[in-house]
Structures are given as structure tokens and as C-alpha cells.
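Structure first, then comments.
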2 protein chains.
Amino acid sequence: MTTNEIAALLLNTPASVTDMLKKLSAKELINYQPYKGARLTEQGYKHATFLVRKHRLWKVFLYQSLNIPWEAVQEIAEELEHINSELLIDHLDSFLGFPKFDPHGDPIPNAQGKYTLRAQSLLSDLSPGKQGLIIGVKDQQLSFLQYLDEKGIGIGKTVTTIKHDPYDQSMIISMDQKEINLSGKAAGLIFIKSL
Amino acid sequence: MTTNEIAALLLNTPASVTDMLKKLSAKELINYQPYKGARLTEQGYKHATFLVRKHRLWKVFLYQSLNIPWEAVQEIAEELEHINSELLIDHLDSFLGFPKFDPHGDPIPNAQGKYTLRAQSLLSDLSPGKQGLIIGVKDQQLSFLQYLDEKGIGIGKTVTTIKHDPYDQSMIISMDQKEINLSGKAAGLIFIKSL
DNA sequence: ATTATAATTTAGACTAATCTAAAATAATCA
DNA sequence: TGATTATTTTAGATTAGTCTAAATTATAAT
Ligand SMILES: [Mn+2]
Ligand SMILES: [Mn+2]
Ligand SMILES: [Mn+2]
Ligand SMILES: [Mn+2]
């Protein structure tokens with residue numbers, strides 16, 4: 001990734017990113033070439049994968065065990081993920097029954113760092129008359145998740161495309177015996193498994 | 001508390017403590033008078049109580065839900081306690097069934113900050129022939145907890161004093177139909193409820 | 001009541017993580 | 001290919017949390 005990309009993603013300045021790239025490079029977590037961006041080393045990739053594992057396992061715990069709504073788990077998991085204890089995480093994984101996906105549908109690396117892959121497509125690509133099972137979301141922003149909550153849309157729901165508007169890409173889908181209007185933008189952020 | 005007491009407890013230097021006392025005082029969490037020590041304000045006391053609540057609830061979770069041994073929970077809870085979310089902690093409390101004591105027998109403040117009190121005495125004060133139920137430990141150091149593990153001593157065990165050595169205060173107690181030797185020092189660190 | 005000792009604070013320094021503004025380098029375009 | 005623009009790095013500053021050594025203040029002991 002390039003310096004500016006990282007800065008934009010982290011909401012930091014490019015100057016701060018450069019400083020940190022040098023530190024991560026000194027720790028051999030990335031290969032960094034001034035002006036040419038950086039790439040994770042194998043060690044850095046393992047670090048990152050463990051962080052993702054921690055983050056997503058905590059999300060499952062918060063959502064499934066504690067019944068915290070899916071739009072609130074992200075922020076809390078953002079802190080929990082920084083607690084460093086393999087013992088803790090492996091026990092948590094076992095307690096949760098070794099889940100493969102988090103409450104937003106993201107895959108959870110196992111203790112060996114392996115992800116479970118599965119076929120997925122976008123709801124926006126589901127042709128009229130076809131059925132799909134909602135398995136994930138592409139955007140985890142509060143506003144988007146709340147938008148879905150209001151319409152009753154969530155993971156595990158089965159939907160059928162009724163109509164696709166050729167002009168603005170908005171869709172009418174049927175779910176729970178009701179018809180729901182969905183903007184093209186939203187439909188493009190919902191992952192489904194076609195049935 | 002005085003500056004040196006705090007420094008000794010935290011394994012920091014007195015100079016660092018002075019610096020921090022000034023900062024906490026500026027935040028109105030303590031009343032601090034140079035050269036005369038510091039005391040928590042009401043606001044500071046609430047802060048502290050919430051920290052204790054978080055710490056002890058996490059210990060219950062680690063021990064009871066995740067089956068992490070009681071000598072390992074302290075270190076992990078030391079980090080978990082710093083995650084700030086009332087929502088999280090209140091859901092955790094509910095998930096755990098509103099426990100009143102942690103795995104080392106320490107009382108857990110409820111959401112209103114109230115502690116549950118209970119009568120307790122030291123195993124070292126249990127007279128020969130009398131029975132007691134182990135309900136807590138005064139020291140949570142790894143070495144002490146491992147010493148207890150080796151002897152099979154833990155919370156919930158019922159013990160009877162067989163003999164009290166008048167010279168070195170060491171005791172012989174019976175537990176699970178076995179006789180166990182215990183140093184005077186160790187017996188003075190075990191809380192019991194006399195039966 | 002001095003003097004010696006102990007406790008505490010201050011002065012000055014260091015590291016980590018951030019920032020703004022300026023300089024350097026790379027990429028684009030005329 | 002030279003000028004312009006965009007990207008990236010460097011220089012220098014700031015804040016938080018820590019430290020050591022020196023100065024100050026309080027306490028204890030003649
Ligand atoms: Mn997430
Ligand atoms: Mn985070
Ligand atoms: Mn504890
Ligand atoms: Mn802590």
C-alpha cells in the first residue's frame with residue numbers, strides 16, 4: 001500500500017504514516033521502500049492475521065453471547081482486539097464453538113491463520129425471480145447497519161428479487177412475505193449466497 | 001495515600017507518582033496536597049469502583065466461561081479492565097448471572113457501585129476440631145496460587161483444623177479425607193467462612 | 001532547638017505517537 | 001523534455017508517561 005492510502009484509511013496524516021512505516025520496517029513487519037510504498041512481510045502478515053482473528057472472535061462473543069446489537073460490536077471489538085494472549089483467544093474460540101464467520105459475515109482465521117472461503121455474490125446482482133440467502137455486508141458503518149435494521153434485513157434472511165429498476169438500480173425484494181424497497185447503493189453492499 | 005506508598009505498589013518511582021498525582025488532581029479525581037498525600041474525590045472513587053467492577057467481572061468470565069485457571073486470570077483481566085464501555089460491562093454482568101464474588105473471593109461492585117459484604121475469617125484462626133469453607137485468598141500472586149493448586153486447596157473446599165503448631169504456626173488440616181500440611185504464612189492468606 | 005534522615009518535589013531528559021509546514025522526489029502533461 | 005502537480009519525506013514541535021539526579025520540605029533524634 002502507499003503512504004497516502006494508509007493515511008486516508010486511518011485518518012492520520014501522511015507524515016505520521018511515514019514515521020510509523022519506518023518503525024514497522026525496523027521491526028521487520030513490513031518491507032518499506034521510501035517513495036515506493038510498503039508490503040507486509042510474512043511475519044507482519046501473521047501479526048495482522050492474528051489481529052483479525054481476535055477482532056472477529058470478539059465480535060461473535062459480543063453479538064452471540066452478550067446480545068449486543070451488531071451495529072455496536074465493531075467499536076468495542078476495536079479495543080478488545082488489542083489484548084494480547086493466545087491462551088485467551090484460543091479458549092474464547094473454543095467457548096464459541098470455533099465459529100467460521102463473524103456477525104457481519106467476515107471470515108474468521110483459525111488458530112493456524114487459515115480462512116474459510118465460500119461462494120458469495122451481491123444482492124444487486126440477483127436476477128428477478130431468484131432467491132438468495134443474506135450472508136454478509138460489505139460496509140459496517142453504523143448508519144448502514146441501522147438502515148438495514150429498520151428494514152428488517154439481516155444475516156440469515158432469505159430474499160427474492162421482484163424487480164430491478166434499470167434507471168437507478170434500485171430494487172424491490174421480497175422478504176418475510178413483505179416487499180421491501182432497496183437503493184442500488186445498499187443492494188451493492190449486501191452479500192448473498194444464491195439459492 | 002502517600003506518594004511513596006503508591007510508588008511501591010505500582011513499581012514506579014516517586015517522581016512519576018508526583019507527576020501523575022498532579023494530573024489526576026487537575027481532572028478532579030483526587031484531592032492532592034503537595035507533601036501531604038492524596039485522597040480520592042467522590043468522582044475518583046466512582047471511577048475506581050467501576051475499574052474494580054470491570055476487573056472482577058472479567059475474572060469471572062475468564063475462569064467460569066473460558067475455563068482459564070485461576071492463577072492466569074489476573075494478568076489478562078489487568079488488560080481487559082481498561083476497555084471502557086458500560087454497555088459491554090452491564091451485558092457481561094447479566095450474561096454471568098450478576099456474580100457477587102470473583103474467582104479469588106473478592107466482592108464485585110454492582111452497577112450502582114455497591115459491594116456485597118460477608119463474614120470471613122482466616123484459616124489460621126480456625127481452632128482445632130472446627131470446620132471452615134474456603135471463600136477467598138488474600139494474595140493473588142502466581143506462586144501462592146500454584147502452591148495452593150498443588151495441595152488441592154481452592155475456593156469451595158471444606159476444611160477442618162487438625163492441629164496448630166504453637167512454635168511456627170504451621171497447621172495440619174483435613175480436606176477431602178486427606179491430611180494436609182500448611183505453613184502459618186499460607187494459612188494466614190486464606191479466607192474462610194466458619195461452619 | 002538544631003541537626004540528621006526520610007519523604008517528596010522539581011529539573012531536566014527520553015521515547016512513542018502524533019501533528020503542521022517545508023523540502024524533496026516522483027508522476028503527469030503540454 | 002521541461003514545467004506543473006501530486007505524493008512522500010523531513011524538520012521541528014507537542015503531549016503523555018516515564019526516568020535519574022538534585023533540591024526542597026517534613027519528620028525524627030539528639
Ligand atoms: Mn469489524
Ligand atoms: Mn483497534
Ligand atoms: Mn484481581
Ligand atoms: Mn490494568
Side-chain angles (χ1 to χ4, degrees), chain A residues 1-41 43-55 58 74-86 88 141, chain B residues 1-41 43-55 58 74-86 88 141:
Chain A
M1 286 186 77
T2 69
T3 301
N4 272 10
E5 279 168 3
I6 297 170
L9 215 57
L10 269 44
L11 308 179
N12 284 331
T13 62
S16 305
V17 172
T18 298
D19 285 348
M20 190 55 70
L21 290 180
K22 286 193 239 171
K23 289 174 193 168
L24 293 175
S25 185
K27 288 186 185 170
E28 313 215 357
L29 294 173
I30 59 173
N31 287 128
Y32 166 59
Q33 315 241 218
Y35 292 103
K36 311 203 69 182
R39 170 179 288 271
L40 289 171
T41 59
Q43 202 199 143
Y45 183 82
K46 278 186 189 156
H47 247 258
T49 302
F50 187 46
L51 190 64
V52 168
R53 172 167 160 77
K54 287 184 287 180
H55 179 91
W58 279 120
Q74 169 66 24
E75 188 184 344
I76 303 175
E78 205 52 59
E79 300 194 40
L80 284 163
E81 72 188 3
H82 298 292
I83 286 156
N84 265 323
S85 166
E86 293 221 19
L88 167 63
Q141 287 208 305
Chain B
M1 288 186 76
T2 68
T3 301
N4 272 10
E5 280 168 2
I6 296 171
L9 215 59
L10 269 46
L11 307 179
N12 283 331
T13 62
S16 305
V17 172
T18 297
D19 286 348
M20 190 54 71
L21 290 180
K22 286 193 242 173
K23 289 174 192 169
L24 293 174
S25 185
K27 288 185 185 173
E28 312 216 0
L29 294 172
I30 59 173
N31 287 126
Y32 166 60
Q33 314 242 217
Y35 293 102
K36 310 202 73 182
R39 170 179 289 271
L40 289 171
T41 59
Q43 200 199 145
Y45 183 83
K46 277 186 190 157
H47 246 256
T49 301
F50 187 47
L51 190 63
V52 168
R53 173 168 159 78
K54 287 183 287 180
H55 179 91
W58 279 120
Q74 169 65 27
E75 189 185 343
I76 303 174
E78 204 53 59
E79 301 193 42
L80 284 164
E81 71 188 4
H82 297 293
I83 286 157
N84 267 323
S85 165
E86 293 222 20
L88 167 62
Q141 286 208 303

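On a predicted model such as this, the values are computed, not experimentally measured, just so you know. Here is how names work: the chains are called A, B, and so on, in the same order as the sequence lines, proteins then strands, and each is numbered from 1.
- Within the 4.5 Å cutoff, the side chain of Tyr35(B) has no heavy atoms near those of the Thr3(B) side chain.
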Which donor-acceptor pairs under 3.5 Å do the side chains of residues 8-34 of chain B make with protein atoms, sequence neighbours left out?
from, atom 1, to, atom 2, distance (Å)
Thr13(B), OG1, Ser16(B), N, 3.3
Thr13(B), OG1, Ser16(B), OG, 2.9
Thr18(B), OG1, Pro14(B), O, 3.2

Indicate every side-chain donor-acceptor pair of residues 76-83 of chain B with a distance under 3.5 Å to a residue at least two apart or in another chain.
from, atom 1, to, atom 2, distance (Å)
Glu78(B), OE1, Gln74(B), NE2, 2.9
Glu81(B), OE1, His55(B), ND1, 2.7
His82(B), NE2, Glu78(B), O, 3.1

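- More than 12 heavy-atom neighbours from other residues, nucleotides or ligands sit within 6.0 angstrom of CD on Gln43(A).
- Lys46(A) pairs by the salt bridge (Lys or Arg N to Asp or Glu O under 4.0 Å) definition with Glu42(A), not counting sequence neighbours.
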Distances under 3.5 Å only, N/O to N/O: pair up the protein atoms with those of nucleotides 10-18 of chain D.
from, atom 1, to, atom 2, distance (Å)
dT10(D), OP2, Lys22(A), NZ, 2.8

Please produce a list of atom pairs where a protein N or O lies less than 3.5 Å from an N or O of nucleotides 1-7 of chain D.
none

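- Note that the OG1 atom of Thr41(B) and the NE2 atom of His47(B) stand 9.0 Å from one another [nearest 0.5 Å].
- Here chain B contacts DNA chain C (any atom closer than 4.0 Å to a heavy atom, that is under 4.0 Å), and the contacts span dA7(C) to dT10(C) from 5' to 3'.
- If Leu11(A) and Pro34(A) are placed on DNA chain C by their nearest nucleotide, the residue sitting closer to the 5' end is Leu11(A).
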